[in-house]
Novice: 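Got a structure here, written out as structure tokens. Questions coming.
Lettering follows sequence order; numbering is per chain, from 1. All figures in this text were calculated on a predicted structure; none of them were measured in a lab.
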Amino acid sequence: MGAFTSFGRKLMKLSQYFMPILRDDPKEAEIVSHRLMLRTGMIRQESAGIYSWLPMGLRVLKKIEQIVREEQDRAGALEVLMPTIQSADLWRKSGRYDDYGKEMLRITDRHERDMLFGPTNEEMITDIFRAGVQSYKDVPRNLYHIQWKFRDEIRPRFGVMRGREFLMKDAYSFDVSAEDGRHSYNKMFVSYLRTYARMGLKAIPMRAETGPIGGDMSHEFLILAETGESEVFFDRDFYDMDWSAFEIDYDDLETVSQTVTEYTSKYAASDEKHEPEEFEKRVPESRRLSGRGIEVGHIFFFGTKYSEPLGCVVQSADGKPVALHSGSYGIGVSRLAGAIIEASHDDDGIIWPESVAPFKVGLINLKAGDAETDAACANLYSGLCQKGIDVLYDDRDDRPGAKFARMDLIGLPWQVIIGPRGLKDGVAEVKERATGERQNVPLDNVVSLF
RNA sequence: CGGGGCGUGGCGCAGUCUGGUAGCGCAUCUGGUUUGGGACCAGAGGGUCGCAAGUUCGAAUCUUGCCGCCCCGACCA
């Protein structure tokens, strides 16, 4: 096998990869994330609001998905997988078959049965839960899945930011009472803070339209970006809050609740919920900020809206039946791919946060075909791969300038540059994409940097 | 759905008004010279001009119908 042994899917040589880079901007792409996703060959449009994910894009999507999954698991949610196609029956029971309107893609099977491509899964999950539990001892529970949804949007746009087919994580909590439900809600709230933090995002929770229960049990999470779809108003103090993925004990009701309070006590609202008088009253002028935001998550509590019509009932401690109280919690996984780019790019291209970068290191061979640079690259490449680092090795016979531009465009966090000049001194140039900082590192020390 | 625009090699565009059998840049391939921030020279391949019908000796170009896509608005992860 030699130097280029494959360790799982860590390694990738550009000469063997599929990354159709475009030098010019496709004209349909108006916003930067859409442009960059098309230009770096992450995605390809198949139809309005429907995309194929090519190797680079898929790697990013999978990494985002995995972070979401890990944080859901950490918060105690259990992963399931429901189908993309659903029967109309459940939706007729909940009354939403007619309510949902044209946004729902309706289809019929060969027996003329009414089916639909799921836009969401409240009905199905409630039915699954109903069939699986009989006792109050079986709750609380939170089930989630990460699945493709289809909503026949009036106007899809901005690439994967508003697709018709999109990958979404949706979680559903079940509790015997609204009071208990609050803790389930709070846990998801906190898990969202952690999830976004791990992707390098500051997603500000903003009060959203409340469900039938009212109160403060619905929040949208918005990240700030110039190209965001909604206008947002918030307190400058949000900047000073802890946006790291802080540790928390999800079973500690008090701490979880306090954390939620901490992140919801300051003013933050998107345009439709914005109350100018309230904003002025609560926030001193010097701290009032406004900007654009992208919604990357939405959580809400809807009580017994689905459990009652669908008969999702358990027997309580005193033997009486009680309809379960539910909340649902969504994160737009595919949208996040675009949103992260909106939040992290420069004139040269994408700047991937390391946690979601398709590869951690780009290895550039400035003189592919030259025995010395080839050997040095092969050596580093296998060293990095053995260490489990995802490396994209640019072994193509291009001019240096083209390689640098390409690597900056695709935005891997680190570049290791090998050329004849550096090799004379036994060093590689290591460049950090985010800062542009470069340093010469002795060849033997390169692997240990990562 | 209302308003605006577009559809011509992989990407970006010209040509359409005034019909005459398709062109430019980038990308790709071959050869050569090059090589530390998007090289140069020479050559080459690649297009049913969105689809259909019509007018005409002749249609990318004119007419009609259809389809697709983008942007602005209402909706949303």
Side-chain angles (χ1 to χ4, degrees), chain A residues 20-31 34-35 38-41 44-50 64-65 68 100-104 118-121 146-171 192 195-196 203 208-209 219-223 228-230 270 272 293-300 328-339 348-349 364-370 373 396-409 415 417-425 427-429 431 436 438 440:
Chain A
I21 282 189
L22 300 175
R23 191 150 159 176
D24 299 314
D25 289 328
K27 68 173 176 198
E28 74 270 17
E30 291 279 318
I31 66 167
H34 193 194
R35 281 204 300 273
L38 291 169
R39 285 195 54 199
T40 57
R44 195 183 96 104
Q45 181 167 23
E46 299 299 348
S47 176
I50 300 177
I64 294 170
E65 180 182 338
V68 170
Y100 222 93
K102 290 197 148 185
E103 211 168 292
M104 185 153 78
T120 180
N121 286 72
I146 299 171
Q147 177 63 290
W148 292 91
K149 304 287 189 294
F150 192 94
R151 291 181 193 171
D152 203 353
E153 291 279 345
I154 297 167
R155 185 150 92 85
R157 63 185 132 170
F158 302 149
V160 300
M161 301 280 280
R162 177 177 298 291
R164 291 193 293 171
E165 189 177 55
F166 59 96
L167 187 61
M168 176 168 139
K169 185 285 300 182
D170 40 329
Y192 276 36
T195 301
Y196 300 123
E209 282 308 324
H219 289 90
E220 300 175 335
F221 290 77
L222 286 100
I223 62 166
E229 287 190 87
S230 16
S270 58
E272 68 260 27
I294 300 168
E295 187 184 346
V296 291
H298 195 165
I299 60 179
F300 50 95
S328 76
Y329 315 89
I331 289 183
V333 175
S334 48
R335 171 180 286 185
L336 273 168
D348 294 326
I364 300 178
N365 186 341
L366 283 182
K367 200 171 180 182
D370 173 86
T373 59
R396 285 178 47 170
D397 182 20
D398 276 341
R399 293 182 71 81
K403 286 170 178 276
F404 290 135
R406 183 163 58 214
M407 199 57 83
D408 282 348
L409 177 69
Q415 298 170 16
I417 300 157
I418 298 292
R421 212 176 279 176
L423 284 187
K424 275 195 197 122
D425 304 324
V427 298
E429 183 178 303
K431 175 179 163 184
R438 310 177 199 181
N440 286 323

Novice: Taking atom C1' in both B/rC69 and B/rC11, what distance in whole Å separates the two?
Specialist: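 About 16 Å, rounded to a whole number of Å.
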Novice: Using a heavy-atom cut-off of under 4.0 Å over every strand shown, decide if A/R406 touches base, sugar-phosphate, or nothing.
Specialist: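 Counting heavy atoms under 4.0 Å across all strands, no contact is made by A/R406.
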Novice: Write down the distance separating the P atoms in B/rG15 and B/rG65, rounded off to the nearest Å.
Specialist: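 Comparing P positions in B/rG15 and B/rG65 gives a spacing of 25 Å.
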Novice: Just checking A/G163: base, sugar-phosphate only, or nothing, at a heavy-atom cut-off of under 4.0 Å?
Specialist: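 The residue A/G163 makes base contact.
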Novice: Within the 4.0 Å heavy-atom criterion, would you say A/L366 contacts the bases, only the backbone, or no part of the nucleic acid?
Specialist: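 Base contact.
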Novice: With P as the reference atom in both, quote the distance from B/rU64 to B/rA44 in angstrom, rounded to an integer.
Specialist: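 Approximately 42 Å lies between the P atom of B/rU64 and that of B/rA44.
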Novice: Please classify the nucleic acid contact of A/G297 as base, sugar-phosphate, or nothing, using heavy-atom distances under 4.0 Å.
Specialist: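 Sugar-phosphate, backbone atoms only, no base.
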Novice: My understanding is that a pair needs two contacts under 3.5 Å, Watson-Crick or G-U wobble. By that rule, which nucleotide pairs with B/rC13?
Specialist: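 Partner of B/rC13: B/rG23.
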Novice: Just to verify, what does A/R396 make a salt bridge (charged side-chain N to carboxylate O under 4.0 Å, His left out) with, not counting sequence neighbours?
Specialist: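 For A/R396, the residues satisfying salt bridge (charged side-chain N to carboxylate O under 4.0 Å, His left out) (neighbours in sequence not counted) are A/D398.
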Novice: More 5' along RNA chain B: A/S230 or A/K102, using each one's nearest nucleotide?
Specialist: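 Going by which nucleotide is closer to the 5' end, it is A/K102.
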Novice: Checking all strands, does A/R438 fall into the base, sugar-phosphate, or nothing category for heavy-atom contacts under 4.0 angstrom?
Specialist: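 Here A/R438 touches the bases of the nucleic acid.
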Novice: When rounded to the nearest 0.5 angstrom, what distance separates CZ in A/R151 from CZ in A/R164?
Specialist: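 One finds 14.0 Å between CZ of A/R151 and CZ of A/R164.
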Novice: Taking any heavy-atom pair under 4.0 Å as a contact, classify A/S47: base, sugar-phosphate, or nothing.
Specialist: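 Sugar-phosphate, no base atom in range.
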Novice: With rounding to whole Å, what would you report as the distance between B/rC13 and B/rU35 at their C1' atoms?
Specialist: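 Their C1' atoms lie roughly 31 Å apart.
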Novice: Across all strands, who's sitting opposite B/rC76 as a Watson-Crick or G-U wobble pair, both distances under 3.5 Å?
Specialist: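 Across any shown strand, B/rC76 pairs with none.
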Novice: Expressed as a whole number of Å, how far does the P atom of B/rG20 sit from that of B/rG58?
Specialist: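 It works out to 15 Å between them.
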Novice: When all nucleic acid strands are considered with a 4.0 Å heavy-atom cut-off, which category describes A/E220: base, sugar-phosphate, or nothing?
Specialist: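 Nothing, no heavy atom under 4.0 Å.
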Novice: Please determine which of A/T195, A/I223, A/V333 meets the side chain to side chain contact (heavy atoms under 4.5 Å, CB included) test together with A/V296.
Specialist: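 Option passing the side chain to side chain contact (heavy atoms under 4.5 Å, CB included) with A/V296: A/I223.
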Novice: Can you check the distance between B/rC75 and B/rG2, where both ends of the measurement are the C1' atom (answer in whole Å)?
Specialist: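 To the nearest whole Å, 15 Å.
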Novice: So what does A/P420 touch, heavy atoms closer than 4.0 Å: a base, only the sugar-phosphate, or nothing?
Specialist: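 The answer is base, as A/P420 lies within the cut-off (heavy atoms under 4.0 Å) of a base atom.
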Novice: So where does chain A start and stop touching RNA chain B, 5' to 3', when the test is distance under 4.0 Å to a non-hydrogen atom?
Specialist: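 Contact boundaries, 5' end first: B/rC6 to B/rA77.
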Novice: Scan A/E153 against the nucleic acid and name what it touches under 4.0 Å (heavy atoms): base, sugar-phosphate only, or nothing.
Specialist: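 Base, at least one base atom sits under 4.0 Å.
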Novice: Please determine whether side-chain contact (heavy atoms from CB on, under 4.5 Å) holds for the pair A/F404 and A/I417, giving the CA-CA distance in whole Å, both sets of side-chain angles, and the decisive distance to 0.1 Å.
Specialist: CA-CA 9 Å; A/F404 290 135; A/I417 300 157; 3.6 Å; yes
Novice: Is a donor on one side and an acceptor on the other found under 3.5 Å between the side chain of A/E153 and the backbone of A/R155?
Specialist: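 No, because the side chain of A/E153 does not come within donor-acceptor range (under 3.5 Å) of the backbone of A/R155.
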Novice: Under a 3.5 Å cut-off for both distances, is B/rG31 Watson-Crick or wobble paired, and to whom?
Specialist: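 Looking at the geometry, B/rG31 pairs with B/rC41.
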Novice: With rounding to the closest Å, how many angstrom separate the C1' atoms on B/rC51 and B/rU8?
Specialist: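 One C1' to the other, the span is 15 Å.
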Novice: For A/V160 and A/D398, take the nucleotide of RNA chain B holding the closest heavy atom to each; which residue's nucleotide lies nearer the 5' end?
Specialist: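 It is A/D398, whose closest nucleotide lies nearer the 5' terminus.
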Novice: Report all side-chain donor-acceptor pairs from residues 22-30 of chain A shorter than 3.5 Å, counting only partners two or more places apart or in another chain.
Specialist:
none

Novice: My understanding is that only residues two or more places apart in sequence, or in another chain, count here; which of them pass salt bridge (charged side-chain N to carboxylate O under 4.0 Å, His left out) with A/E229?
Specialist: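 Partners of A/E229 by the salt bridge (charged side-chain N to carboxylate O under 4.0 Å, His left out) criterion, ordered by chain and then number, come out as A/R157, A/R162.
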Novice: If pairing requires Watson-Crick or G-U wobble contacts with both distances under 3.5 Å, which nucleotide is the partner of B/rG54?
Specialist: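 Pairing partner, where one exists within any strand: B/rC62.
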Novice: By the 4.0 Å heavy-atom rule, please label A/D408 as base, sugar-phosphate, or nothing.
Specialist: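 It contacts base atoms.
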Novice: If the condition is side chain to side chain donor-acceptor pair (under 3.5 Å), which residues does A/S270 pass it with, not counting sequence neighbours?
Specialist: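 Side chain to side chain donor-acceptor pair (under 3.5 Å) list for A/S270, sorted by chain: A/E220.
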Novice: Describe the nucleic acid contact of A/K27 in one word from base, sugar-phosphate, nothing, applying a heavy-atom distance below 4.0 Å.
Specialist: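 Result for A/K27 = sugar-phosphate.
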Novice: With a 4.0 Å cut-off on heavy atoms, is A/K431 in touch with a base, just the backbone sugar-phosphate, or nothing at all?
Specialist: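 Counting heavy atoms under 4.0 Å across all strands, the contact made by A/K431 includes a base.
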Novice: Kindly write out the residues that satisfy salt bridge (charged side-chain N to carboxylate O under 4.0 Å, His left out) with A/K431, not counting sequence neighbours, or none if the list is empty.
Specialist: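 A/K431 satisfies salt bridge (charged side-chain N to carboxylate O under 4.0 Å, His left out) with A/D408 only.
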Novice: Taking any strand in view, what nucleotide pairs with B/rC69 in a Watson-Crick or G-U wobble way, both distances under 3.5 Å?
Specialist: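 For B/rC69, the partner nucleotide comes out as B/rG5, under the 3.5 Å rule.
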Novice: Which whole number of Å gives the distance between the C1' atom of B/rC67 and that of B/rU30?
Specialist: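 The same atom, C1', in both gives a distance of 40 Å.
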